[in-house]
Amino acid sequence: MKKAVLALALVAALGSLVLAASYRTFDEIVKSGKVIVGTEGEFPPFNYFDEQNNLVGFDIDIGNALVEKLGLKGEWKAQPFDTLLIALNQGRFDFVVASHTITPERSKAVDFTKPYYCTGNLIVSKPGGPKSLADLKGKVVGVQVGTSYYDFVVEKAPGVKEVKTFPTNPNALEALLSGRVDAWVTDQFTALEVVKKRGVSLQLSGLLNKEEIGIPVAKGNQGLLRALNMALDLIQADGTYAQISMKWFGKDIRCR
Ligand code: ARG
């Protein structure tokens, strides 16, 4: 009997070990001299590949500025958005800069820094299409898979006909342009980028909510979290952040 209980306890302990996040502590990262940063690379203007196939964007500049403040070398790894947090907890990267909204659900799985910018969602449609949550009733809405946009539409627009998910945010835009969805719900800055860069005639709703965007580390990696929060304070105080934000948006997008 006692043995059985012991065996069960052992299985439980091993099970939690397997589920626990694996990560490098800040000391281990510093000793190695190099920090590995994860992102997606399909989310302009925050993280994307330019024509020369360089990883660029606001997230990339912020990530590089943080790495520099920590006195480290950085290496980026890009992979699909909906795989990033799992890979982070498996130790594939030390942290991720991919415009993750800080949500209670995600905060159970990973730990977030203070927000590095604040933003909000809006609805994008063709002229004459839906431009309010009420207008979405009976419509087909496109969103990127695994994003806060999906939850937002499901929670705030209960009358929608269907929410279609796409692997990337640009895929959802293409679906809107080709008429496979009636509306696209996305971040305000990604929508403005499309209007600016592609010159397509699309209508944007007003801002529908407020989202705080943070940098996730593996669950429990407190040392790295502290270091990143400190580096974030530093780049916000010394003008580095403002310069990066001006470059991409013509204004400062930090939370206020
Ligand atoms: N902020 C939204 C979220 O956290 C969208 C992030 C999308 N990021 C990306 N790299 N595609 O769900």
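None of these values were measured; they are calculated from a predicted model. For ligands, and for the atoms within them, numbers begin at 1 and follow the listed sequence.
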| Do any nitrogen or oxygen atoms of Thr147 lie less than 3.5 angstrom from nitrogen or oxygen atoms of ligand 1? | no
| note | Going by the 4.0 angstrom heavy-atom rule, the piece of Asn47 near ligand 1 is side chain
| said: For Glu212, which part has a heavy atom under 4.0 Å from ligand 1: side chain, backbone, both, or neither? | reply: neither
| field | 4.5 Å side-chain heavy-atom contact, Lys156 and Asn209 | value | no
| query | Can you tell if the side chain of Leu176 reaches within under 4.5 Å of the side chain of Leu202, non-hydrogen atoms only? | reply | yes
| said: Using modelled atom types and a 3.5 Å cut-off, is there a donor and acceptor pairing between side-chain atoms of Asp61 and backbone atoms of Val56? | reply: no
| Main-chain N/O of Ala183 paired with Ser125 side-chain donor or acceptor, under 3.5 Å | no
| query | CG of Leu207 to CG of Asn121: how many Å apart, nearest 0.5 Å? | reply | 8.5 Å
| request: Would you please classify the geometry between the Phe189 ring and the Tyr117 ring as parallel, tilted or perpendicular, with 30° and 60° separating the classes? | output: perpendicular
| remark: Min over Ser99, Ala98, Gly57, Pro44 of heavy-atom distance to atom 8 (N) of ligand 1 lands on Ala98
| field | Proximal atoms of ligand 1 relative to His100 (non-hydrogen, under 4.0 Å) | value | 4 (O)
| Proximity flag Gln144 to ligand 1, non-hydrogen atoms under 4.0 Å | yes
| task | Say whether Tyr149 and ligand 1 are in contact under the criterion: heavy-atom distance to a ligand atom below 4.0 Å. | result | yes
| said: Looking only at protein heavy atoms, which one is nearest to atom 9 (C) of ligand 1, and what is the separation? | reply: Glu40 OE1, 3.2 Å
| remark: of all protein heavy atoms, closest to atom 3 (C) of ligand 1 is Ser148 OG, 3.3 Å
| Is any NZ, NE, NH1 or NH2 atom of the basic residue among Asp238 and Lys69 found under 4.0 Å from an Asp or Glu carboxylate oxygen of the other? | yes
